[in-house]
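Predicted model, so just to flag it, every value in this text is computed and none were measured.
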Amino acid sequence: MSLALYNTLSRKKEPFTPLDAERVTMYVCGPTVYNRVHIGNARPAVVFDTLYRVLLSLYPNVQYARNITDIDDKIMRTAAELGEDISVLSQRYAQAYFEDMAALNNLEPTITPYATQHIPEMIDMIERLIAKGHSYVAEGNVLFAVQSMDDYGKLSGRALDDMLAGARVEVASYKKYAGDFVLWKPSADNEPGWDSPWGRGRPGWHLECSAMIEKHLGETIDIHGGGQDLIFPHHENEIAQSCCAHDGKPFANYWLHNGFINIEGEKMSKSLGNFRMVNELLEEYPGEVLRYVILSAHYRSEQQFSKELLDSAWRSLDGLYGFLRGHEPATAIINQDSAGYKALLDDLNTPMAISELYRLAKEMHAANGAGNVDLESKLKAELMGLAGLMGLLQQDSEQWFTLARGGDAISAEDIEELIEKRKQAKTDKDYAGADQVRKDLLDLGVVLEDSREGTTWRRS
RNA sequence: GGCGCGGUAGCAAAGUGGUAAUGCAGUGGACUGCAACUCCGCGAUCGUCGGUUCGAUUCCGACCCGCGCCUCCA
């Protein structure tokens with residue numbers, strides 16, 4: 001039993017073998033911080049966080065880096081509009097990103113490198129690329145010469161000429177070849193910039209990842225992840241920079257890419273105005289609901305996203321937490337032989353693993369009904385172990401049902417008070433009065449559940 | 001034009017060469033003073049047409065439909 005991952009490089013599922021089983025390295029492209037992030041940014045974070053958790057269950061040391069791009073033209077434009085320094089803007093949104101990601105139960109990566117803190121490393125890499133004949137200076141720009149690399153395009157599977165044939169963007173005059181991309185570009189006096197051998201300027205987008213990976217993880221890493229749209233040009237160019245700087249040494253052995261999210265059946269895009277920002281969704285839904293939706297589809301698939309799905313996911317989690325409610329706590333244990341764990345090892349089949357969550361929960365519930373305490377706690381431990389690998393069921397079940405669910409909800413105290421009133425009514429055989437309390441609370445989104453032990457309540 | 005992906009029940013979504021998991025919704029019943037929870041039961045022949053095969057939703061081909069990327073969008 002071992003981990004298998006679909007590798008974009010080979011377009012096949014492959015057994016995962018790290019270079020060093022004692023130290024596994026993974027890098028995932030993080031956000032450009034000029035705004036709040038949307039749900040599409042959350043997908044890779046959740047997917048690769050899940051992979052990180054799985055890797056942690058297999059290897060003693062997993063180095064997971066996710067960068068913050070804090071220098072970029074969009075950042076510069078937004079900062080200029082707001083009349084503030086780019087560092088102020090980027091720090092604000094980086095912080096917001098961390099908060100959003102934490103709300104989605106994402107663990108903190110091992111390393112969070114910032115582009116602007118690696119300017120010297122980037123300049124150093126450019127100098128090496130120039131020295132090795134892979135880059136040239138033109139009008140203050142430093143460009144990477146893609147033709148200097150034999151297998152440029154191997155990740156995206158395209159030939160150079162094919163790429164250029166349908167290019168939609170005009171070619172800058174200083175490029176020797178249309179496919180060449182910028183490593184360093186000059187900054188105007190009123191633009192942020194850093195001194196370099198080629199004058200004051202700023203790095204091209206792709207360079208930061210190559211430089212930061214080299215510094216923090218090494219010349220060759222095990223896993224590199226990101227959204228599908230990054231395959232070309234971003235990851236292709238990272239490969240070009242790193243491989244050429246390292247004399248052809250492999251850059252990343254496994255390339256993983258998550259699919260896109262569709263909103264109400266269509267692509268999420270600015271022009272359609274249907275962006276879903278994570279923080280806005282979090283005002284209406286617990287982060288775990290968003291996470292559940294993301295993990296309910298396989299990471300490589302295109303994924304549907306809608307209010308109906310969020311509501312459905314919330315009810316689904318209610319079901320799971322409902323099974324947990326009233327069961328004694330148990331320490332999470334990963335059952336390595338379980339179908340759920342194997343599903344995760346099989347290219348992160350989270351939909352399958354989630355279905356196992358339900359099977360375990362039902363079996364646990366049945367064991368409880370049969371009075372088999374040992375089996376019950378064993379199954380609960382396994383359930384929590386599997387859920388933990390996905391970052392799900394991380395809340396206390398009692399709290400899950402009693403926390404306010406948006407809007408101005410009735411307070412827990414008031415609910416308890418009404419339940420007492422109803423109890424008295426029932427004692428007095430005033431069932432009409434008791435039913436009225438039930439109905440009133442239901443109108444406020446509170447469901448009452450009577451049992452031998454008394455009345456419990458939950459928000460729905 | 002080039003490269004690539006997908007079409008499975010109302011909504012989502014796995015999966016398999018031997019007649020298709022799971023969740024939500026719906027629905028019938030048990031339980032309940034009523035209800036909720038829970039439990040038992042009910043629904044798809046897998047885009048279309050061919051081919052290979054004893055047998056295909058699963059392999060191959062064509063077609064239809066939807067979609068992504070082609071220089072800075074997760």
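Comparing B:rA13, B:rC39, B:rG23 by their closest approach to the side chain of A:Ser312 singles out B:rG23. Across B:rC73, B:rG33, B:rA25, the shortest atom-to-atom separation from the side chain of A:Arg315 is found for B:rA25. Among the nucleotides B:rA12, B:rG33, B:rA74, the one closest to the side chain of A:Asp435 is B:rG33. In the set B:rA74, B:rC70, B:rC37, the nucleotide with an atom closest to the side chain of A:Phe232 is B:rC70. Taking only side-chain atoms of A:Glu449, from C-beta outward, the nucleotide of B:rC72, B:rC37, B:rG23 with the closest atom is B:rC37. Proximity note for A:Asp450 (side chain, C-beta onward) versus B:rG33, B:rU71, B:rG23: the nearest is B:rG33. Between B:rU38, B:rC37, B:rA74, one nucleotide has an atom nearer to the side chain of A:Met268 than all others, and that is B:rA74.
For B:rA14, one of the phosphate oxygens OP1 or OP2 lies less than 4.0 angstrom from a side-chain nitrogen or oxygen of A:Ser301. Contact between the side-chain N/O atoms of A:Lys74 and the OP1/OP2 oxygens of B:rC73 is found at a separation under 4.0 Å. Within the 4.0 Å cut-off from OP1 or OP2 of B:rU22, not a single side-chain nitrogen or oxygen of A:Arg359 is found. At the phosphate of B:rA36, neither OP1 nor OP2 sits under 4.0 Å from any side-chain N or O atom of A:Lys439.
Partners of A:Glu398 by side-chain hydrogen bond (donor to acceptor under 3.5 Å, both in side chains), not counting sequence neighbours, listed by chain and number: A:Arg325.
Per the geometry, CE belonging to A:Met352 stands 19 Å off P belonging to B:rU8, to the nearest Å. In this structure, A:Gln241 atom CD and B:rC72 atom P are separated by 15 Å, rounded to whole Å. B:rC73 atom P lies 16 Å from atom CG of A:Asn258, rounded to whole Å. For the pair A:Tyr27 OH and B:rA74 P, the computed distance is 13 Å after rounding to whole Å. Summarising the geometry, the separation between CG on A:Asp311 and P on B:rG23 is reported as 19 Å, rounded to the nearest angstrom. In this structure, A:Leu320 atom CG and B:rG23 atom P are separated by 10 Å, rounded to whole Å.
Listed here is the closest heavy atom pair of A:Leu217 and A:Ala65: CD1-CB, 4.1 Å.
The same atom, C1', is picked in B:rU57 and in B:rU19; the two are 9 Å apart, to the nearest Å. Taking atom C1' on both nucleotides, B:rG18 is separated from B:rC46 by 15 Å, rounded to a whole Å. Comparing B:rC11 with B:rG33, their P atoms are spaced 39 Å from each other, to the whole Å. Taking the C1' atoms as reference points, B:rU8 lies 16 Å from B:rC65, given to the whole Å. Distance check on atom C1': B:rC49 versus B:rA56 gives 15 Å, rounded to whole Å. Using C1' as the reference atom, B:rU38 and B:rC73 are 47 Å apart when rounded to the nearest Å. Spacing between B:rC5 and B:rG10 at atom P, rounded to whole Å, works out to 28 Å. When the P atom is used for both B:rU52 and B:rU58, the distance is 15 Å, rounded to whole Å.
The nucleotide B:rU19 finds no pairing partner, because no Watson-Crick or G-U wobble arrangement with both distances shorter than 3.5 Å includes it. Pairing of B:rG6, defined by two Watson-Crick or G-U wobble distances under 3.5 Å, is identified with B:rC65. In this entry B:rU52 has no Watson-Crick or G-U wobble partner, no candidate having both defining distances under 3.5 Å. The pairing partner recorded for B:rA44 is none, the criterion being a Watson-Crick or G-U wobble arrangement whose two distances lie under 3.5 angstrom. Checking B:rA13 for Watson-Crick or G-U wobble geometry (two distances, each under 3.5 Å) identifies no partner in any strand. The base-pairing partner of B:rC31, taking Watson-Crick or G-U wobble contacts with both distances under 3.5 Å, does not exist among the strands shown. Pair assignment for B:rC37 gives none, since no Watson-Crick or G-U wobble pairing has each distance under 3.5 Å.
In this structure, A:Arg452 reaches neither bases nor backbone, as no heavy-atom distance under 4.0 Å exists between it and the strands shown. Counting any heavy atom pair closer than 4.0 Å across all strands shown, A:Lys185 reaches a base atom. Within the nucleic acid shown, A:Lys429 has no heavy atom closer than 4.0 Å to any nucleic acid atom. Using a 4.0 Å heavy-atom distance criterion, A:Gly322 is classed as making no nucleic acid contact. Nucleic acid contact class of A:Ile354 (heavy atoms, under 4.0 Å, all strands): none. Contact annotation for A:His38: base contact, defined as any heavy-atom pair under 4.0 Å involving a base atom. When heavy atoms are screened at a 4.0 angstrom cut-off, A:Gly369 is found touching no nucleic acid atom at all. If you check every strand for non-hydrogen atoms under 4.0 Å, A:Arg325 touches nothing. At the heavy-atom level, A:Glu308 lies nowhere under 4.0 Å from the strands shown. Across all strands, A:Asn349 comes closer than 4.0 Å only to sugar-phosphate atoms, never to a base (heavy-atom distances). Within 4.0 Å of A:Arg438, counting heavy atoms only, lies at least one base atom of the nucleic acid. Within the nucleic acid shown, A:Leu448 comes within 4.0 Å of at least one base atom, counting heavy atoms only. Among the atoms of the strands shown, none is found under 4.0 Å from any heavy atom of A:His257.
With A:Asp72 contributing its side chain and A:Ile75 its backbone, the two residues share a donor-acceptor pair below 3.5 Å.
For the pair A:Ser355 and A:Asp180, both in contact range of RNA chain B, the more 5′-proximal nearest nucleotide belongs to A:Ser355. When the nearest nucleotides of RNA chain B are assigned to A:Tyr431 and A:Gly40 by heavy-atom distance, the more 5′-ward of the two goes with A:Tyr431.
Of the charged side-chain nitrogens involved, none lies within less than 4.0 Å of a carboxylate oxygen, so that A:Lys426 and A:Asp430 do not count as a salt-bridged pair. Ion pairing of A:Arg315 with A:Asp318 is absent here, as no side-chain N (NZ or NE/NH1/NH2) approaches a carboxylate O to less than 4.0 Å.
In this model, no side-chain donor or acceptor of A:Asp229 finds a partner on the base of B:rG68 within 3.5 Å. Looking at A:Arg300, its side chain has no donor and acceptor atom pair within 3.5 Å of the base of B:rG4.
With centres under 5.5 Å and a plane angle under 30°, the ring of A:Phe260 is stacked against the base of B:rA74.
Surrounding CD of A:Glu108 are at most 12 heavy atoms belonging to other residues, nucleotides or ligands under 6.0 Å away. The environment of A:Glu417 atom CD is sparse: at most 12 non-hydrogen atoms of other residues, nucleotides or ligands sit within 6.0 angstrom.
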Practice task
Please test A:Lys423 against A:Asp450 for salt bridge (charged side-chain N to carboxylate O under 4.0 Å, His left out), starting from the C-alpha separation and ending with a verdict.
Solution key: CA-CA 10 Å; A:Lys423 187 180 174 188; A:Asp450 292 337; over 6 Å; no
Practice task
Could you check A:Phe181 against A:His206 for ring pair (Phe, Tyr, Trp, His ring centres under 6.0 Å), going step by step and ending with a plain yes or no?
Solution key: CA-CA 9 Å; A:Phe181 60 90; A:His206 316 297; 5.4 Å; yes
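Partner of A:Arg66 under the side-chain contact (heavy atoms from CB on, under 4.5 Å) criterion, chosen from A:Cys29, A:Pro44, A:Pro109: A:Pro109.
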